[in-house]
Amino acid sequence: MTNTDTTPIQIFDTTLRDGEQSPGAAMTHEEKLRIAELLDEMGVDIIEAGFPISSPGDFKAVQEISKIVKRASVCGLSRAGFKDVDRAGEALKGAFRPRIHTFISTSPVHMKHKLNMGENAVLEAIGASVTRARNYTSEVEWSAEDATRTVPEFLVRCVDVAINSGATVINVPDTVGYSTPQEFFDIITMLRERVPNSDKVIFSTHCHNDLGLAVANSLAGVLAGARQVECTINGIGERAGNAALEEIVMALKVRKDIMPFTTGINTTMLNRASKLVSNVTGFPVQYNKAIVGKNAFSHESGIHQDGMLKNVETYEIMRPEDVGVHATSLMLGKLSGRHAFRDKLDSMGYALEAEAFEDAFRRFKDLADKKKHVFDEDIAALVDDEIVRGHDAILVKSVRVESGTGIKPNAQMTLSVAGEERSVRTEGDGPVDAIFKAIREAFPHAATLQLFQINAVTEGTDAQATVSVRLEENGRTVTGKASDIDTMAAAAFAYVNALNKLLVKREKRAPEPLSVAQ
Ligand code: KIV
Ligand code: ZN
C-alpha cells in the first residue's frame with residue numbers, strides 16, 4: 001500500500017515515562033519539569049509526563065507538568081483498572097490538553113502469564129477503561145501492549161473495541177523490540193485496512209530497540225500510515241531503549257524526498273535536549289550516536305577532510321547547525337560581567353530564573369578565575385549542573401582532600417542533609433575512596449558503587465572533569481553526574497547527586513497488581 005497522505009507527524013515524547021523507567025535513570029521532580037519545559041518549547045506534540053498511580057512522585061510530576069506546559073498535550077499513563085484511570089484523570093486536571101493513555105496486554109504470552117485473563121476479559125477491560133477515560137478527556141489513547149506478538153485477528157477485535165469505546169489514538173507497541181520494518185509496516189497496514197472506522201483515529205508507533213530496529217520500525221509505521229511516533233530523547237527507555245526522537249525527526253527532515261512528512265520540532269534544539277537528558281539521567285551519549293553524538297559531525301580521515309574542504313555535501317547530509325551543534329567558540333573571560341554572561345546563555349538557549357542565574361554566574365566567575373579559556377562546553381556543563389543539583393536534599397557544603405606520596409589519603413567533608421550540617425574526616429585507600437567513605441559516614445546508606453567514571457569536558461590539563469557515579473540499592477540503580485575543574489570535588493558532587501536520585505527512587509514502588517474491576 002503506498003501512502004500519499006502527508007499529514008504532519010505528531011511527536012509523542014515519553015522520556016519522562018518510558019525513559020525514566022530505564023535501569024539507572026531516575027529524575028528528580030525539578031529535573032522532570034525542566035525537561036518538560038524544553039520539550040514543549042522544542043515543539044513536541046504530546047509529552048507523556050508519568051504513570052500517576054505508580055508513585056506520589058509520578059502523580060505530582062504529571063500534575064505540575066500539566067500546569068506549566070503551554071502548547072503540548074500532557075499525557076498520563078494508566079493500566080486498564082478504574083483506579084489507574086481515575087488517578088491519571090485527577091493528575092491531568094490542570095492540563096490545557098489532557099490525554100489519558102490506557103493500555104493492556106493483548107499477546108497470548110502476556111495474557112496467560114502476566115494478566116491471567118482470557119480474550120473476552122481483555123476485550124471487556126479495553127471497553128471499560130477507554131469509556132472511563134473518556135469521562136475525563138476527549139483525548140484518549142489506547143495501547144495494545146506487546147501488539148507485535150499478538151494474533152492479528154484478536155488485535156483487530158481489540159482495536160475495534162477501543163475505537164467504539166471512544167479512543168482517539170491507537171498505539172501499536174513493539175514492546176519487546178521483536179519486530180522488523182516490513183512486519184511492522186504490515187501490521188499497521190492490516191489494522192488500517194481491517195478495523196472498521198480506522199480512518200477516524202490516529203495510529204501510533206511505540207518501538208523498543210532490542211534488535212536495534214526501533215527507528216527503522218517507527219519509520220516503516222509512518223510509511224504505512226501511522227501519524228504519531230512515540231520516542232524518547234537519546235533513545236533512553238526500558239532495556240535497550242525506545243526509538244530516538246532526534247533520529248526520527250532528522251530522518252524525516254533529511255529524507256523528505258522519500259518520506260514527505262513534516263514534524264513541528266525545532267531541530268536546532270535537539271542537541272540541547274540530548275545534553276540535558278544525558279546530564280539529568282547520568283547516561284552518557286555514545287560518541288558515534290547518530291545526530292547528537294560527539295563525533296556525529298567530525299571528519300577524521302584525510303580523504304573525508306579533503307572532500308569536506310572542497311564541498312561539504314561530499315560527506316555531510318545535514319548541517320551541524322540544523323541540530324544545534326555550533327563550532328566551539330572561545331568565550332567569556334574573568335572580566336566578563338552579568339550582561340555578557342546572560343547574552344551567552346541566551347545564545348545557547350538557556351533561560352535561568354534569577355536565583356539559578358546568580359548561582360551559575362558565581363560558578364562561572366570561580367571557573368574563569370581558575371581556567372584561562374572558558375568554552376561553550378564549560379558553560380553548558382556548569383549550567384546543566386546547576387539545574388541538576390539545584391534542588392537536592394543532600395548537598396556538599398565543602399570538601400578538602402589530602403593525598404600524595406608518604407601520606408595516608410584523607411578527606412574532610414561537610415554535607416548538608418535536609419538543612420542539617422554534618423562534618424566528618426576519614427582516611428581511605430586513595431583520595432576518591434576517602435571522599436566516598438566520608439559521604440558514607442555523614443549519610444549512612446547501604447548502596448554499593450557500580451561505576452566510577454571520569455571524562456574531560458574540553459581539551460587541556462585545565463579542563464573540567466565530568467564524573468559519573470552509579471549506585472545500586474535493592475535492585476535499584478541510579479547514576480549521578482557532576483562537573484568541576486577539581487576532579488575530586490566533581491567526584492564528591494557526583495556521588496551525592498546519585499544519592500539524591502536514590503532518595504527519589506526509594507519513593508517509587510511497583511503499582512499494586514491490576515484488578516480490572518476496581
Ligand atoms: O512498551 C510498551 O508496550 C509500553 C506501553 C505501556 C505503551 O510502554
Ligand atoms: Zn514502552
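Counting starts at 1 for both ligands and their atoms, following the listed order.
When heavy-atom distances to ligand 1 are checked against a 4.0 Å cut-off, Glu238 has no atom that comes that close, whether in backbone or side chain. For Asp18, every heavy-atom contact with ligand 1 shorter than 4.0 Å involves the side chain, none the backbone.
For a threshold of 3.5 Å applied to N or O pairs, the pair formed by His206 and ligand 1 contains at least one separation below that value. Close N/O approach between Ser143 and ligand 1 is not found [any backbone or side-chain N/O within under 3.5 Å]. Below 3.5 Å of separation, one finds no N or O of Glu230 facing any N or O of ligand 1.
Contact atoms of ligand 1 toward Glu145: 3 (O) (distance under 4.0 Å to a heavy atom of the residue). Close approach to His101 involves these atoms of ligand 1, each under 4.0 Å from a residue heavy atom: 7 (C). Within ligand 1, counting atoms from 1 as listed, the ones closer than 4.0 Å to a heavy atom of His208 are 1 (O).
Met318 places a side-chain heavy atom less than 4.5 Å from the side chain of Met250. For the pair Arg99/Thr168, no side-chain contact is recorded, criterion being any heavy-atom separation below 4.5 Å from C-beta on.
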Q: Kindly indicate, with the supporting measurements, whether the criterion side chain to side chain contact (heavy atoms under 4.5 Å, CB included) is fulfilled by Val285 and Val277.
A: CA-CA 10 Å; Val285 175; Val277 169; over 6 Å; no
Q. Would Ser143 and Glu145 count as a side-chain hydrogen bond (donor to acceptor under 3.5 Å, both in side chains) if you check the C-alpha gap in whole Å, the side-chain angles of each, and the deciding distance to 0.1 Å?
A. CA-CA 6 Å; Ser143 281; Glu145 190 183 5; over 6 Å; no
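Of all the N, O or S atoms in His208, the one closest to the Zn ion (ligand 2) is NE2. Restricting Asp18 to its N, O or S atoms, the one at the least distance from the Zn ion (ligand 2) is OD2. His206 has its closest N, O or S atom to the Zn ion (ligand 2) at the position named NE2.
At a 4.0 Å cut-off, at least one heavy atom of Arg17 sits close enough to ligand 1 to count as contact.
Atom NZ of Lys112 sits in a sparse spot, with 12 or fewer heavy atoms from other residues, nucleotides or ligands closer than 6.0 Å. Environment of CG in Asp199: crowded, with over 12 heavy atoms of neighbouring residues, nucleotides or ligands closer than 6.0 Å.
Between Cys231 and Ala243, the shortest heavy-atom contact is CB-O, 3.1 Å. Here the shortest heavy-atom pairing between Lys501 and Thr479 reads CD-O, 3.3 Å. When all heavy atoms of Val215 and Ala244 are compared, the closest pair comes out as CG2-N, 3.7 Å.
Annotation: atom 3 (O) of ligand 1 to nearest protein heavy atom, Thr175 OG1, 2.6 Å.
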